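Worksheet for the structure shown next.
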Amino acid sequence: MNFLLAVAFVVCWSSGFIGAKLGAGSAPAVTILMWRFLPLALALLAATAARASWRGVPPRVLLRQALIGTLSQSGYLLTVFWAIQLGVSSGTTALIDGVQPLVAGALAGPLLRQYVSRRQWLGLGLGLAGVVIVTTADAATAAEVAWWAYLIPFLGMLSLVAATFLEGRSRTDISPEVPLAVHCATSAVIFTALALAAGSATPPADPAFWTAVAWLVVLSTFGGYGLYWLILRRSGVTKVNTLMFLMAPVTAVWGAIMFGEHFGVRTALGLAVCLAAVVVVHRGRRPAPPAPVRARSDAPAPTPNGQPAASL
């Protein structure tokens, strides 16, 4: 089941870059993102409002989830869509985001006490090498794109890393449907405000626009975003962020097939290196220590690898 979850996560998360490319020519980024989240947030809130999962959730927890949603959805997605609309290929955008595992791995110890072994660091470094190989190969074929456009995805990567650690330090267990609804509602408010301010809230009649919106809601939000937090909760920061190394090569292959984006020998080599990195990191996981006795009812339960569980 964990393997199937990992495969589904990689495919669904990568689909977000493809969905952004699908809608790039039909409307501004804030328009696509507004209509991605506004109907979704209303539907989620209506479907879950009467459920018991909302009862007893402290306001401070809802505010914390709103902040997490702002970082992990609004901040991250806006930079991805912006970069792609500036001409950065979907594969290259995913490749730049691929440095996230190293940033998260370096901070996991001091912030979450999820320490990374030497073998895992070797795998993370190998993953970075693979990302660099593919990034340089793709960037060399897009000379018409401004150099500073490649810096934009870095901002989104840092936003997602911040959200990951903010969630990882949470100690309140709530039903997964609550944060998903809060995150989507927060994003709906932010993107609607941005679209109204830019005068681009009216959706175009282009069928490609609605195809991209449907693609992003089903595959990216429910699939990729939902599985991100599920795997984070079950397996910890290092594993979920190691899987992020696969997004770049998978998106590069997908973009080449759908949009004719560059995919050459160096891209294939980078794919192989990234796959090797995932194998090294996963085999380098430390065995789980004996589960401690929980003295307090509100203490976080350990995950299967001995890391504190992130609350959803």
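These values consider heavy atoms only, across backbone and side chains, with no hydrogens, waters or symmetry-generated copies. Note that this is a predicted model, so its numbers are computed, not measured.
Minimum heavy-atom separation, Gly223 to Cys12: C-CB, 3.6 Å. The two residues Leu22 and Met258 have their closest heavy-atom pair at CD2-CE, 4.1 Å. In plain terms, the two heavy atoms of Ala83 and Thr93 that are nearest each other are CB-OG1, 4.3 Å. Pairing each heavy atom of Ala24 with each of Ile32, the nearest pair is N-CD1, 4.3 Å. Closest of all the heavy-atom pairs between Ser74 and Ile190 is OG-CD1, 3.4 Å.
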Might you work through the ring pair (Phe, Tyr, Trp, His ring centres under 6.0 Å) test for Tyr76 and Trp13, ending with a clear yes or no? CA-CA 12 Å; Tyr76 176 72; Trp13 191 278; 5.7 Å; yes

Would Ser220 and Ser15 count as a side chain to side chain donor-acceptor pair (under 3.5 Å) here? Give the steps. CA-CA 6 Å; Ser220 304; Ser15 73; 3.3 Å; yes

Side chain to side chain contact (heavy atoms under 4.5 Å, CB included) between Phe81 and Leu216, intermediate numbers included: CA-CA 12 Å; Phe81 277 68; Leu216 291 166; 3.6 Å; yes

Evaluate Trp254 against Ser14 for side chain to side chain donor-acceptor pair (under 3.5 Å), listing each step before the verdict. CA-CA 9 Å; Trp254 203 340; Ser14 299; over 6 Å; no

Decide yes or no on side chain to side chain contact (heavy atoms under 4.5 Å, CB included) for Gln73 and Leu78, but give the supporting numbers first. CA-CA 8 Å; Gln73 279 191 348; Leu78 187 58; over 6 Å; no

Side chain to side chain contact (heavy atoms under 4.5 Å, CB included) evaluation trace for Leu160 with Leu71: CA-CA 6 Å; Leu160 184 58; Leu71 292 169; over 6 Å; no

Show your working on side chain to side chain contact (heavy atoms under 4.5 Å, CB included) between Phe222 and Leu180 and close with a plain yes or no. CA-CA 9 Å; Phe222 285 115; Leu180 180 60; 4.2 Å; yes

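Between the Trp82 side chain and the Ala29 main chain, no donor and acceptor come within less than 3.5 Å of each other. Remark: side-chain polar atoms of Gln85 are not paired, donor with acceptor, to backbone N or O of Ala20 under 3.5 angstrom. Side-chain atoms of Thr251 never come within 3.5 Å of backbone atoms of Gly91 as a donor-acceptor pair (strictly under, hydrogens ignored). Although no hydrogens or angles enter the test, the distance criterion places a donor-acceptor pair under 3.5 Å between the side chain of Arg64 and the main chain of Leu166. In this structure a side-chain-to-backbone donor-acceptor pair under 3.5 Å is present from Ser26 to Gly23.
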Which pairs would a plain distance check flag for residues 191-203, meaning a side-chain donor or acceptor within less than 3.5 Å of a matching protein atom at least two apart in sequence or in another chain?
unit_1: Thr192; atom_1: OG1; unit_2: Ala188; atom_2: O; d: 2.6
unit_1: Ser200; atom_1: OG; unit_2: Thr31; atom_2: OG1; d: 3.4

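The distance from atom CD1 of Ile133 to atom CZ of Arg266, rounded to the nearest 0.5 Å, is 8.0 Å.
Defined by atom type and a distance below 3.5 Å, a donor-acceptor pair is present between the side-chain atoms of Glu261 and Ser90.
Every residue meeting the side chain to side chain contact (heavy atoms under 4.5 Å, CB included) condition with Pro39, not counting sequence neighbours, appears here in chain and number order: Trp35.
Placement of Leu33 and Trp210 within a single hydrophobic cluster is found when ILVMFWY residues are connected by side-chain heavy-atom separations under 4.5 Å, directly or transitively.
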